Amino acid sequence: MKHLYLTLLIVLLAASAPLYAQYTDIINSNRPGRSVSAYAPGKNVYQGEMGFFYERRKHDGLRTENEQYGTDFALRIGILEERLELTWQGIYMWDNLTYNTSSTPYTVRQNNFYQNTIGAKYLIYEPKIKEPNLYSWRYDHTRFHLSDLIPAVSAYIGTNLFFGDNPFYPDEAPLSLKAMLITQSHFAGSWVLTTNIIFDRLGGDDPLFSYILTLTHSLPDPRYSVFLEHQGFKSDSYGDGIFRFGAARLINSHLQVDASAGLNIKNTPSRLFAGLGVSYRLDYHEDEYVPVPLQEEDKDSLEEETPELIDHKAGRKMKFEKQNRKKKKNKKKKGNRKKNPFDVDL
């Protein structure tokens, strides 16, 4: 068990440092918060994230109460290259809306997609690899460096799909755009700061602007992490601020479970919610070989080394050319050799 903890600690510390490759050995989930990571799951990785939530709303001005429950999900696919991710995100919700405006309260039950978006995310920029300090492990993994705040940057573009008679968006257009700018910084070894700037329902009757700030921290037991998140949003019809907090636990390198809760800052309506979730991935990722740049002094001795250790494609080509040169040389020697008069062709 101690060896398992040590292995997880090493992998998590490597993942919590600046990520210079999209793929990680441990699942990289957007849960339990609502922010989106700047990094894709990796090429040929298929990842599902799902949660179940319950929420109570009370609007003092309208004298209404909501009891809501449902599921939020995301299907993430790394495709074509490490930086690209295709995503389907959604929230399907059941809502019991009670009106207390008369002497006899009555309840309206409704259900539909509260969110239904397909889109793509691409990593635009990632920080450069910094030279490790060979004399101090603490300097690299626990100390705060101002340069660590330089974030990875991604862009997201998607389409909201609301077909049919949706009671949550009665006047919303069936199709609208969603755009997002994503940044992610890793600092002090076990801290991650993620920001999302979101322009939603563009082209619809009620466009929405929002932002999300998420701070995540790995605990001394590397299987556990905690997060604190703030989301603010504003549209023509509604604005609010929400705070979320929660924790996640790694079951293994492909499976994570989580729990979260939250509340808002106003009473029109007041909101109180909680949820549980799980993330799982199917990992078909294969490492790609990257050619190693050669120095001038190494080129002369290249033929004497094993070319496959440098690059598999270039190595096979060089090996083939070397074999051809050797055959031509042997053929030339054989042609210059005097024929033995006692040799008989059979």
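Keep in mind it's a predicted model, so treat the numbers as computed, not measured.
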Task: Check: Leu250 and Ile26 side chains under 4.5 Å, non-hydrogen atoms - done: yes
Task: Thr98-Thr107 side chain donor-acceptor pair, cut-off 3.5 Å - done: yes
Task: Thr183 (side chain) donor-acceptor with Ala152 (main chain) under 3.5 angstrom - done: no
Task: With sequence neighbours excluded, residues passing side-chain hydrogen bond (donor to acceptor under 3.5 Å, both in side chains) with Glu85 - done: Arg76, Thr87, Lys121
- [ ] Enter the distance from Arg201:CZ to Glu172:CD here, rounded to the nearest 0.5 Å.
- [x] 5.5 Å
Open item on the list: For a quick test of reading the model, state the closest non-hydrogen atom pair linking Pro32 to Asp258 and the distance between them.
Closed with: CB-OD1, 3.3 Å
- [ ] Test side chain to side chain contact (heavy atoms under 4.5 Å, CB included) on Asn160 and Asn116 and set out the steps.
- [x] CA-CA 6 Å; Asn160 296 308; Asn116 187 27; over 6 Å; no
Task: Minimal non-hydrogen separation, His285 against Val45, with atom names - done: CB-CG2, 3.9 Å
Open item on the list: If you apply the rule side chain to side chain contact (heavy atoms under 4.5 Å, CB included), what do you find for Glu229 with Leu215, and how did you get there?
Closed with: CA-CA 6 Å; Glu229 182 174 273; Leu215 184 63; over 6 Å; no
Open item on the list: Taking the side chain as everything from C-beta on, heavy atoms only, tell me whether Leu97 gets closer than 4.5 Å to Thr64.
Closed with: yes
Task: Path from Met180 to Tyr122 over hydrophobic side-chain contacts below 4.5 Å - done: no
Task: Whether Gln68 side chain and Arg57 backbone form a donor-acceptor pair below 3.5 Å - done: no
Task: Check: Tyr114 ring centroid to Tyr169 ring centroid under 6.0 Å - done: yes
- [ ] Please identify each residue that fulfils side-chain contact (heavy atoms from CB on, under 4.5 Å) with Ser237, with sequence neighbours left out.
- [x] Asp206, Ser235
Task: Whether over 12 other heavy atoms sit under 6.0 Å from Ile265 CD1 - done: yes
TODO: Kindly say whether Arg271 contributes a backbone atom to a donor-acceptor pair with the side chain of Asn264 at under 3.5 angstrom?
DONE: yes
Open item on the list: For Asn96, run the side-chain contact (heavy atoms from CB on, under 4.5 Å) check against Glu65, Gln110, Glu67 and tell me which one passes.
Closed with: Glu67
Task: CA sep, side-chain torsions, deciding dist, call: Ser29, Ser279, side-chain hydrogen bond (donor to acceptor under 3.5 Å, both in side chains) - done: CA-CA 7 Å; Ser29 175; Ser279 304; 2.7 Å; yes
Task: CD-CZ distance between Gln256 and Arg281, expressed to the nearest 0.5 angstrom - done: 11.0 Å
Open item on the list: Hydrophobic clusters here meaning ILVMFWY residues chained together by side-chain heavy-atom distances under 4.5 Å, can you tell me if Phe113 and Met50 are in one?
Closed with: yes
Task: Partner residues of Thr216 under the side-chain contact (heavy atoms from CB on, under 4.5 Å) criterion, sequence neighbours left out - done: Val192, Thr214, Ser225, Phe227
Open item on the list: Quick check against the 3.5 Å criterion: does Glu82 have a side-chain atom that pairs as donor or acceptor with the backbone of Ala40?
Closed with: no
TODO: Answer with yes or no whether the side chains of Arg244 and Gln231 bring together a donor and an acceptor at under 3.5 Å.
DONE: yes
TODO: Identify the heavy atoms of Pro167 and Pro170 that sit nearest to each other, and give their distance.
DONE: O-CD, 3.6 Å
Task: Interatomic distance, Tyr69 atom OH to Trp94 atom CH2 [nearest 0.5 angstrom] - done: 7.0 Å
Open item on the list: As an exercise, state the distance from NE2 of His59 to OG1 of Thr268, rounded to the nearest 0.5 Å.
Closed with: 5.0 Å
Open item on the list: If you define the side chain from C-beta out and look only at heavy atoms, does anything of Leu75 sit under 4.5 Å from Leu86?
Closed with: no
Task: Pair listing, salt bridge (charged side-chain N to carboxylate O under 4.0 Å, His left out) test, anchored in residues 89-103, at least two apart - done: none
Open item on the list: Filter on ring-ring contact (aromatic ring centres under 6.0 Å, His included), then keep only pairs touching residues 236-262, sequence neighbours left out; what's left?
Closed with: His230-Phe243, Phe233-Tyr238
TODO: For Asn66 and Arg56, indicate whether the former's side chain and the latter's backbone hold a donor-acceptor pair under 3.5 Å.
DONE: no
Task: Basic-acidic side-chain contact under 4.0 Å: Glu81, Lys43 - done: no
Open item on the list: A side-chain contact here means heavy atoms from C-beta on lying under 4.5 Å apart; do Pro174 and Phe163 qualify?
Closed with: yes
- [ ] Give the intermediate values and the outcome of side chain to side chain contact (heavy atoms under 4.5 Å, CB included) for residues Leu123 and Tyr39.
- [x] CA-CA 7 Å; Leu123 181 66; Tyr39 293 93; 4.2 Å; yes
Open item on the list: In this structure, would Phe73 and Phe52 fall into the same cluster of hydrophobic residues linked by side-chain contacts under 4.5 Å?
Closed with: yes
Open item on the list: Can you confirm whether Ser253 sits close enough to Asp25 that some side-chain heavy atom of one is under 4.5 Å from a side-chain heavy atom of the other?
Closed with: no
Open item on the list: Which heavy atom of Asp171 sits nearest to which heavy atom of Asp205, and what is that distance?
Closed with: O-OD2, 2.6 Å
Open item on the list: Determine whether the aromatic ring centres of residues Phe199 and Phe209 are separated by less than 6.0 angstrom.
Closed with: yes
Open item on the list: Side chains of Thr104 and Tyr106, heavy atoms from C-beta outward: is any pair under 4.5 Å?
Closed with: no
Open item on the list: Looking only at side-chain N and O atoms, does Ser37 offer a donor or acceptor that is under 3.5 Å from a partner on Gln184?
Closed with: yes
Open item on the list: Is there a continuous path of hydrophobic side-chain contacts, each under 4.5 Å between heavy atoms, that joins Tyr284 to Leu255?
Closed with: yes
Task: Candidate pair Asp240 and Lys234, rule salt bridge (Lys or Arg N to Asp or Glu O under 4.0 Å), full reasoning - done: CA-CA 7 Å; Asp240 205 348; Lys234 177 66 178 178; over 6 Å; no
Open item on the list: Please check if the number of heavy atoms outside Tyr54 that lie under 6.0 Å from its OH is greater than 12.
Closed with: yes
Task: ILVMFWY cluster, Met93 and Leu276 together (side-chain gap under 4.5 Å) - done: no
Open item on the list: Quick check: do Phe273 and Leu263 have side-chain heavy atoms less than 4.5 Å from each other?
Closed with: no
TODO: May I ask you to check whether over 12 heavy atoms, not counting those of Tyr125, lie within 6.0 Å of atom OH?
DONE: yes
Open item on the list: Using modelled atom types and a 3.5 Å cut-off, is there a donor and acceptor pairing between side-chain atoms of Asn196 and backbone atoms of Ile182?
Closed with: no
Open item on the list: A side-chain contact here means heavy atoms from C-beta on lying under 4.5 Å apart; do Tyr156 and Val36 qualify?
Closed with: no
Open item on the list: Looking only at the side chains, is there a donor atom on one of Asn111 and Tyr92 sitting less than 3.5 Å from an acceptor on the other?
Closed with: yes
Task: Atom pair CZ (Arg223) and CG (Leu219), whose distance is rounded to the nearest 0.5 Å - done: 11.0 Å
Task: Sequence-distant partners of Asp200, salt bridge (Lys or Arg N to Asp or Glu O under 4.0 Å), two or more places apart - done: none
- [ ] First locate atom CZ of Phe187, then atom CG of Leu149, and finally report the distance between them rounded to the nearest 0.5 Å.
- [x] 6.5 Å
Open item on the list: If we count only N and O atoms by modelled type, under 3.5 Å, do the side chains of Arg249 and Tyr224 hold a donor and an acceptor together?
Closed with: yes
TODO: Show your reasoning for whether side chain to side chain contact (heavy atoms under 4.5 Å, CB included) applies to Ile157 and Lys178.
DONE: CA-CA 6 Å; Ile157 186 72; Lys178 180 177 182 179; over 6 Å; no
